[in-house]
Amino acid sequence: MTLLLQYTIIFASVLSLVALGGCFAEHSGVINLGLEGIMVMGALGGALAMKYLGAETPKLVMILVVSLSAIAFGVLYSSLLGFASINFKADQTLVGTAMNMLATAVATVIVRSLNTAEDPNNVSTTIQYINQKKAFLVNLNGFEFNWFMVMALCALIISTIVLYRTRFGLRLMACGENPQAADSVGINVYKMRWAGVLISGLLGGLGGIVYITAGVSEWKFEVGVAGFGFLALAVMIFGQWKPYRIGLAALLFGFFRALSNVYSGFPFLMALKLPGTIYNMMPYIISLIVLAFTSKNSAAPKAEGIPYDKGSR
Amino acid sequence: MKTKKQLLKNPTFQTVLASVLCIVLGLFIGFVVLLLINPAGAGTAIKTILLNWMTRGTTAARLKTLGNTIVKTAPLLLCALSVQFCYKVGLFNIGAAGQYVAGAGMCLYAALAWKLPWFVCILLAMAAGAFLGMISGALKAYQNVNEVISGIMLNWITLYTVNIILGGSSLTKDPASPYTVDLAASNPKGVIPSLGLEKLFSNNRFVTIAIPLAILIAVLVWVILNKTKFGYELRATGYNKEAARYAGMKEKKNIILTLMIGGALAAAGAAFFFLTGYEKWSTTQTSVPGMGFNGIAATFLGGLHPIGTIFSSYFIQHITDGGALIDKSIYPSQISDLISAIIIYLCAFVLFFKTTLTIRLARQEERTIERELEIKAEKGGDNE
């Protein structure tokens, strides 16, 4: 039971971080379908930091450096989206898709080259961090507390304040609702959209490193992050682009994702004799059903996905 | 000088120019990455990627390798057409990857478990793909679910389902390995016939009539989209949903139909590949095959034109196979995926490139006309 709770909370942390990232980008008017790729790059940044720091690094340094490295990778990578979709008015769906493919390819090439350079027989795309990972964990009576959980909670609270209580947040949202009106009162729409995209890179990158350290102690970069970035988008839609609702939606989705990790520990689930793969499918099925019921009256920002052109009416 | 400008104004030429620029830039970045990994062999590696089958020693081996690349081009072409058909109607069919998986699962199950002949298997596969497309389409039309997100969810659901179904029966799965059983041994009627085509590629038995069929479908897609009322309605829906509805077109039905056709195309691609027996399905694979995603690359590189897509599909498959031939002890073969991904990213700039080019040319033309008028006016003044 504690295990289920632990996995639910850690996966919910990942989902809420990444969904908040999507939330910032969409409130500024840019659909970020590249979150999946941003997660991969964040995961790569964090994993490389862990690989080179070694296991003897003090805990605080480890947590800070790994998080910052993941964030830096995520932010840098998200600028690809900003550059193409804001400055060059490119099709945001196409750019996002390209970013997802590119991230997995880049991560695979980098990790494999590093592995082969160290040992010519090692052609895997795996990075191990079993000892380094311990820096993030605190054992509380069998519940493995993870510092990333606190970060996710902080991100939720800060996002709520930033979006609804600061000038920046309100201006950001104006750019996603009616950029022409925002421009007419002197808000620089392009700058605001860049801010939205870079914040989504920050949160998405952080989400990536949390995801690959949740439950496992090595990661095969060939597989990317298995659609988790898109699950986060589903969480964002279910959460109606509002941070506190995103938090709740993330808990629900996190629960179903956690089931696939721990279902074998529950006798009544084992008694059903379902193939284990069914539990792997659960989060995707749930999100399809949830989307079918919540997308109709969506509170999506009105101008999202439309490149801003000063000359258009 | 004038002909050069006219050429630049020609939209077809602009598209080809843009695609070539994307390829050159993509290859250049790929080359830089190779240099960074290991400068010594980078030249040979990029050459191998570009030459692919031409690096083989004998003519027979070259033809055989070329045949293999072409066998894999057919499914890629159909996935690209699937993405393209939907894109013309304003839908981004990222679900092509899952529809491809559904097609693979269905055709293999029909061929191995039910021992059906190949053409029935293809039709069943297309039905399975169309079914997936219908789910995405209905969700989009009636519940306003973004087809990209529902497509991704369905990709994963389909992958797991196909693994369960193909892995669950001893008729389909080889008990000693995670792969499906050999198609030619289990059901010879299930293999797509080659009708002598294999002789052109030094008896590469995987070269079948699937290849001419795929090209035929590409032409058919072009005809349907551009020369029929149905295609016109679909494109009109894509340009402006509200206007299409106002003009009496059923935009909901059109959305669903489009994704169904897209699904059938991608699934047919899978059948065209797996029914040659070239590859078996691994029932333990944990990632969605890249064919559908590469289709996105091929379709945009092909300038969103079915005929251009034939060439771009071949090119993408050509460098992917070339990547598999490079020295794996130094370079990762995924370098080709990297190049394809960069090419798609660059394709996003194509529209901007074209509009800027057109605007600049128009401005230049305006200026020359103005200048001519000025000269004329001056001359007129002299005469007086």
Side-chain angles (χ1 to χ4, degrees), chain A residues 31 33 36 80 84-85 87-106 108-113 115-117 120-121 123 125 220 222-224 226-227 229-231 233-234 237 275 277-278 280-281 283-285 287-288 291-298 300, chain B residues 33 36-38 87 92 94 135 138-140 142-146 148-161 163-164 167-168 286-288 290 293-294 296-297 300 328-353 355:
Chain A
I31 296 182
L33 284 177
E36 177 104 356
L80 282 183
S85 67
N87 298 76
F88 286 88
K89 303 184 176 62
D91 183 328
Q92 294 171 7
T93 311
L94 178 58
V95 178
T97 311
M99 284 173 68
N100 294 337
M101 293 173 66
L102 187 63
T104 312
V106 167
T108 310
V109 166
I110 291 180
V111 176
R112 240 197 78 169
S113 308
N115 280 348
T116 353
N121 296 321
V123 289
T125 57
K220 201 170 134 199
E222 261 173 50
V223 297
F230 286 95
L231 278 179
L233 283 174
I237 295 169
T277 337
I278 295 278
N280 291 332
M281 282 159 71
Y284 308 105
I285 297 176
S287 75
L288 255 193
L291 285 177
F293 286 105
T294 51
S295 296
K296 188 108 194 198
N297 308 311
S298 82
Chain B
V33 173
L36 287 174
I37 298 173
N38 187 343
Y87 195 79
F92 201 87
I94 204 164
I135 298 179
L139 284 172
K140 169 88 179 178
Y142 293 106
Q143 298 295 333
N144 192 28
V145 178
N146 185 329
V148 176
I149 298 176
S150 70
I152 294 281
M153 299 301 147
L154 284 170
N155 286 352
W156 290 96
I157 295 172
T158 316
L159 176 75
Y160 288 126
T161 313
N163 280 348
I164 292 175
T286 51
S287 53
V288 180
F293 301 119
N294 279 339
I296 300 172
F300 282 96
K328 282 187 206 75
S329 61
I330 313 173
Y331 302 108
S333 56
Q334 287 88 349
I335 196 85
S336 307
D337 296 344
L338 184 79
I339 296 174
S340 317
I342 292 169
I343 290 176
I344 314 186
Y345 180 71
L346 293 172
C347 281
F349 294 86
V350 165
L351 188 70
F352 185 85
F353 168 80
T355 19

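All chains are named by letter (A, B, ...) in the order of the sequence lines, taking the proteins before the strands, and each is independently numbered beginning at 1. No hydrogens, no waters, no symmetry mates; every other heavy atom, side chains included, goes into these values.
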Whatever's closer than 4.5 Å to a heavy atom in chain A on B:S150 counts as both
I'd like to check B:I157 versus A:I285 (side-chain heavy atoms, cut-off strictly below 4.5 Å). Are they in contact? yes
So what's closer than 4.5 Å to chain A heavy atoms on B:V33: side chain, backbone, both or neither? side chain
A:S85, A:A117, A:G227: which one forms the most heavy-atom pairs within less than 4.5 Å of chain B? A:G227
Excluding sequence neighbours, so at least two apart, what forms side chain to side chain contact (heavy atoms under 4.5 Å, CB included) with B:S287? none
Option that, when pairs with chain A are counted at under 4.5 Å, heavy atom only, ranks first among B:L139, B:D337, B:L346, B:I37: B:I37
Please round to the nearest 0.5 Å and tell me the distance separating atom CD of A:E222 and atom CZ of A:R112. 8.0 Å
Is there a side-chain contact between B:L154 and B:I135 in this structure, where contact means two heavy atoms from C-beta onward sitting under 4.5 Å apart? yes
Quick check: does any side chain N or O of A:S295 sit under 3.5 Å from a backbone N or O of A:A292, one acting as donor and the other as acceptor? no
Hey, what do you get for CD1 (B:I344) to CD1 (B:I339), rounding to the nearest 0.5 Å? 13.0 Å
Report the distance from atom CG of B:L338 to atom CE of A:M101, rounding to the nearest 0.5 Å. 10.5 Å
Can you sort out the partners of B:I152 under side chain to side chain contact (heavy atoms under 4.5 Å, CB included), two or more places apart, ordered by chain and number? A:F230, B:I94, B:N155, B:W156
When only pairs under 4.5 Å are counted, which of A:V123, A:T294, A:T97, A:I278 shares the most heavy-atom pairs with chain B? A:T97
Please look at A:T93 and chain B and tell me whether the side chain, the backbone, both or neither of the residue comes under 4.5 angstrom of a heavy atom of that chain. both
Pick from B:Y87, B:Y345, B:Y142: which one has the most heavy-atom pairs with chain A under 4.5 Å? B:Y345
Residue selection (most heavy-atom pairs with chain A, distance under 4.5 Å) from B:L159, B:I330, B:I164: B:I164
Assess whether atom NZ of A:K89 is packed by more than 12 heavy atoms of other residues, nucleotides or ligands within 6.0 Å. yes
Proximity breakdown for B:S336 and chain A, heavy-atom pairs closer than 4.5 Å: neither
Tell me, side chain or backbone of A:L231 under 4.5 Å from chain B's heavy atoms, or both, or neither? both
If you tally heavy-atom pairs under 4.5 Å against chain B, which of A:L80, A:L33, A:T108, A:V95 wins? A:L80
At a heavy-atom separation under 4.5 Å, does B:Y331 approach chain A through its side chain, its backbone, both, or neither? backbone
B:F92 versus chain A, the contacting section by heavy-atom distance below 4.5 Å: side chain
Heavy-atom cut-off 4.5 Å, strictly under: side chain, backbone, both or neither for A:E36 against chain B? neither
